[in-house]
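A quick write-up on the structure given underneath.
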Amino acid sequence: MKLYQMIINGEEVGHDLPRVDVHNPATGDVFASVPLGGTDEAIRAVDSAYNAFEKWSSLSTYERSDLIRNWYDLIKEHTDELAKTMTEEQGKPFLEAKGEINYANGFISWYAEEGKRIYGETIPATQQNKRLFIHKQPVGVTAVITPWNFPAAMITRKVGPALAAGCTVVIKPASQTPLTAIKLVQLALEAGIPKGVINVVTGNSKLIGEAWLADTRVRKLTFTGSTEVGKELMKGAAETVKKVSLELGGHAPAIVMDDCDIDKAVDGVIAAKFRNAGQTCVCVNRVYVHESIEKEFTKKLVEKVKLLKLGNGMTEGVTIGPLIDISAVRKALNHVNDAIEKGATLEIGGNRKEGLFFNPTVLTNVTDDMICMKEETFGPVTPITVFKTEEEAIRRANDSIYGLAAYVFTENISKGIRISEKLEYGIVGLNDGSPSTPQAPFGGFKQSGLGREGGHHGIDEYLEVKYISLGL
Ligand code: ADP
């Protein structure tokens, strides 16, 4: 049993507080704990970030870049250790956890560089005796609230650009997965990022969130999590008019056209559906297959699903770990049972194996009235439905309150672009089941969120635009 602490102003905090257990979802064991922080710790963390801001934002972007780059090197060096911690607290297979550390670290290296390209502008003036300039400045102290499905990447893709822009941060990681976050922050300190620039607070999310929302020193909130909590935070942020970035739920459609390469489409759907046991906001939640290829597509998909290996993520060869908790298992079961009751055919899986393990599932004859076609399943369930025309597929794919990721499979590239343009989604994987990458913008339309993470768009979220008008 390992006792972890919060990190505020470079110090471990919380030895004297009640503890929150951290479980291994594969075994059910409690193997670590973190302090139950609340309002006081949240405010202390803001004090620390606020005090550190002036110095950090005054460094040249090259000086900041060097320190951020040191952090990248240390994360790289500690990949296996971080991945093991992630598998223990989150459940994803060790190889996948290593993949996440590399992906997460990609945001650190990319933004270490991108900070050097925070360019201003000059604008031609109307009068001869004026000069108009635009500077970009860091927003200020940023509150970072993250979910459990990507314990490292959800942090680095916010903290990387925030730090590069010159902001300081206070982080509240998900209660289920605080350890990876704490270890990342320890490495940041070791890398020479000054005390107070990154703080991490664990504990009562409601109290911590409220304290940060009420604090006028916190100028920016960046959140990834459920649409429900995101809406509450957005309301709370309105009181002090904070800048807000939200990355919320998704309900990704995959459209499989009759002229696709079926093997490529099957691989794409497998990648986009079963990563992290179906627990990502860009996971395929519904598959629309052209009626002429449904049989062949389903047969090949089921064959590939049979090859997936469910088990403890630390066991070699395992490709799908457990779900995060019992409510996730119940939700997946509910979606499957509802679909079957309403006439769907179970092709494979459909049930809980043991503990928090859920068998990878494929359903056919799915119709739009089933829960799985409307609500995010966040589990390894693949509902397949057929369509006749391109227009029908687009209309049904767009019939959602969400608009994060969508996937299209066709070998006709003109058609692929045409469909991509009509989809009301922030990300389209065209013959690509894994489009996320640090240098590209990630974010949603509609109720999937506000703002973008990744790429040069991702750093704008942490910058204010200042216009200076000079009279000569
Ligand atoms: P998930 O379903 O991924 O757990 P949540 O939206 O419930 O999504 O949680 C995402 C993050 O938001 C977690 O760190 C959680 O602790 C935090 N959180 C949940 N409720 C609140 C709240 N009322 N105020 C601030 N943070 C919250």
Side-chain angles (χ1 to χ4, degrees), residues 6 20-23 25 34-39 41-43 45-46 86 89-92 100 142-159 169-182 184-185 199-215 218 220-240 242 244-251 276-283 285 322-332 335 356 375-379 402 404 444 447-450 453:
M6 299 184 256
V20 187
D21 290 341
V22 181
H23 295 84
V34 293
L36 180 68
T39 311
E41 291 72 29
I43 293 172
V46 178
M86 190 189 297
E89 65 178 348
Q90 201 273 344
K92 69 179 65 180
E100 184 186 331
T142 297
V144 173
I145 303 181
T146 56
W148 49 263
N149 60 344
F150 289 93
M154 293 304 106
I155 290 185
T156 58
R157 96 177 166 184
K158 298 173 188 308
V159 175
V169 301
V170 291
I171 306 172
K172 213 300 284 171
S175 312
Q176 296 93 332
T177 60
L179 310 182
T180 308
I182 292 170
L184 284 171
V185 177
N199 306 275
V200 56
V201 181
T202 56
N204 185 319
S205 48
K206 205 167 161 40
L207 292 180
I208 296 165
E210 277 167 7
W212 289 349
L213 289 173
D215 199 318
V218 176
K220 161 96 194 174
L221 168 75
T222 173
F223 169 80
T224 298
S226 62
T227 298
E228 191 192 352
V229 172
K231 286 179 182 175
E232 284 308 310
L233 293 175
M234 192 173 169
K235 281 185 205 158
E239 201 55 46
T240 53
K242 292 188 203 315
V244 178
S245 300
L246 302 171
E247 205 269 276
L248 309 176
H251 198 270
N276 207 9
Q279 305 172 107
T280 91
C281 44
V282 293
C283 273
N285 216 108
L323 297 183
I324 192 73
D325 56 26
I326 192 66
S327 62
V329 174
R330 289 199 189 112
K331 188 174 190 189
H335 282 203
L356 301 178
E375 289 178 20
E376 194 172 24
T377 309
F378 239 60
Y402 297 111
L404 187 56
Q447 295 184 36
S448 286
L450 290 176
E453 297 187 312

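Remember, it's 1-based here, ligands and their atoms both numbered in the order they're listed.
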**Item:** Heavy-atom nearest neighbour in the protein, as seen from atom 2 (O) of ligand 1, with distance rounded to 0.1 Å
**Value:** W148 NE1, 4.1 Å
**Request:** Starting from the C-alpha separation in whole Å, work towards a yes-or-no answer on side chain to side chain contact (heavy atoms under 4.5 Å, CB included) for T280 and F150.
**Result:** CA-CA 8 Å; T280 91; F150 289 93; 3.6 Å; yes
**Request:** Starting at CD of E232, measure out to CD of E210 and round the result to the nearest 0.5 Å.
**Result:** 10.0 Å
**Prompt:** Cut-off 3.5 Å, side chains only: do Q279 and K92 have a donor facing an acceptor?
**Reply:** no
**Asked** At what distance is the nearest protein heavy atom to atom 17 (C) of ligand 1, and which residue and atom is it?
**Response** I145 CG2, 3.7 Å
**Request:** Could you tell me whether some N/O pair between K206 and ligand 1 is separated by less than 3.5 angstrom?
**Result:** no
**Request:** Establish, from distance only, whether the side-chain atoms of E89 and T180 form a donor-acceptor pair under 3.5 Å.
**Result:** yes
**Request:** Would you indicate whether the side-chain heavy atoms of I145 and S205 approach each other to under 4.5 Å?
**Result:** no
**Request:** Specify whether the nearest protein heavy atom to atom 9 (O) of ligand 1 is under 4.0 angstrom away.
**Result:** no
**Request:** Below 4.0 angstrom from a heavy atom of A174, which ligand 1 atoms are there? Numbered from 1 as shown, please.
**Result:** 13 (C), 14 (O)
**Fill in**
the protein heavy atom lying closest to atom 6 (O) of ligand 1 turns out to be S226 OG, 2.7 Å
**Prompt:** Polar-atom distance check: T146 versus ligand 1, any N or O pair below 3.5 Å?
**Reply:** yes
**Request:** Run the numbers for me: atoms of ligand 1, each under 4.0 Å from some heavy atom of L233, listed by number.
**Result:** 24 (N), 25 (C)
**Message:** What I want to know is whether T224 and ligand 1 share at least one N or O pair that is separated by under 3.5 angstrom.
**Reply:** no
**Fill in**
ligand 1 atoms nearer than 4.0 angstrom to some heavy atom of P173 are 14 (O)
**Interfacing atoms of ligand 1 (cut-off 4.0 Å, heavy-atom, G209)** = 25 (C)
**Prompt:** Which option out of A42, S205, G225 puts a heavy atom nearest to atom 26 (N) of ligand 1?
**Reply:** S205
**Asked** Is the closest heavy atom of F223 to ligand 1 under 4.0 Å?
**Response** yes
**Request:** Using a strict 4.0 Å cut-off to heavy atoms of K172, name the atoms of ligand 1 that fall inside it.
**Result:** 14 (O), 15 (C), 16 (O)
**Item:** Pair E375 + K331, salt bridge at N-O below 4.0 Å
**Value:** no
**Fill in**
Nearest non-hydrogen contact to atom 7 (O) of ligand 1 from the set L213, I171, V229 belongs to V229
**Asked** Under the 3.5 angstrom rule, does the side chain of W212 hit a backbone N or O of A42 as a donor-acceptor pair?
**Response** yes
**Message:** Which of the numbered atoms in ligand 1 are under 4.0 angstrom from any heavy atom belonging to P147?
**Reply:** 3 (O)
**Message:** Yes or no: does N149 have any heavy atom under 4.0 Å from an atom of ligand 1?
**Reply:** no
**Item:** Spatial distance of atom CD1 (I208) from atom OG1 (T202) [nearest 0.5 Å]
**Value:** 6.5 Å
**Message:** Between T240 (side chain only) and L213 (backbone N and O only), is there a donor and an acceptor less than 3.5 Å apart?
**Reply:** yes
**Prompt:** Can you list the steps and then say if N149 with F378 is a side chain to side chain contact (heavy atoms under 4.5 Å, CB included)?
**Reply:** CA-CA 10 Å; N149 60 344; F378 239 60; 3.5 Å; yes
**Asked** With distance as the sole criterion, is a donor-acceptor pair present between the side chains of K158 and T142 under 3.5 Å?
**Response** no
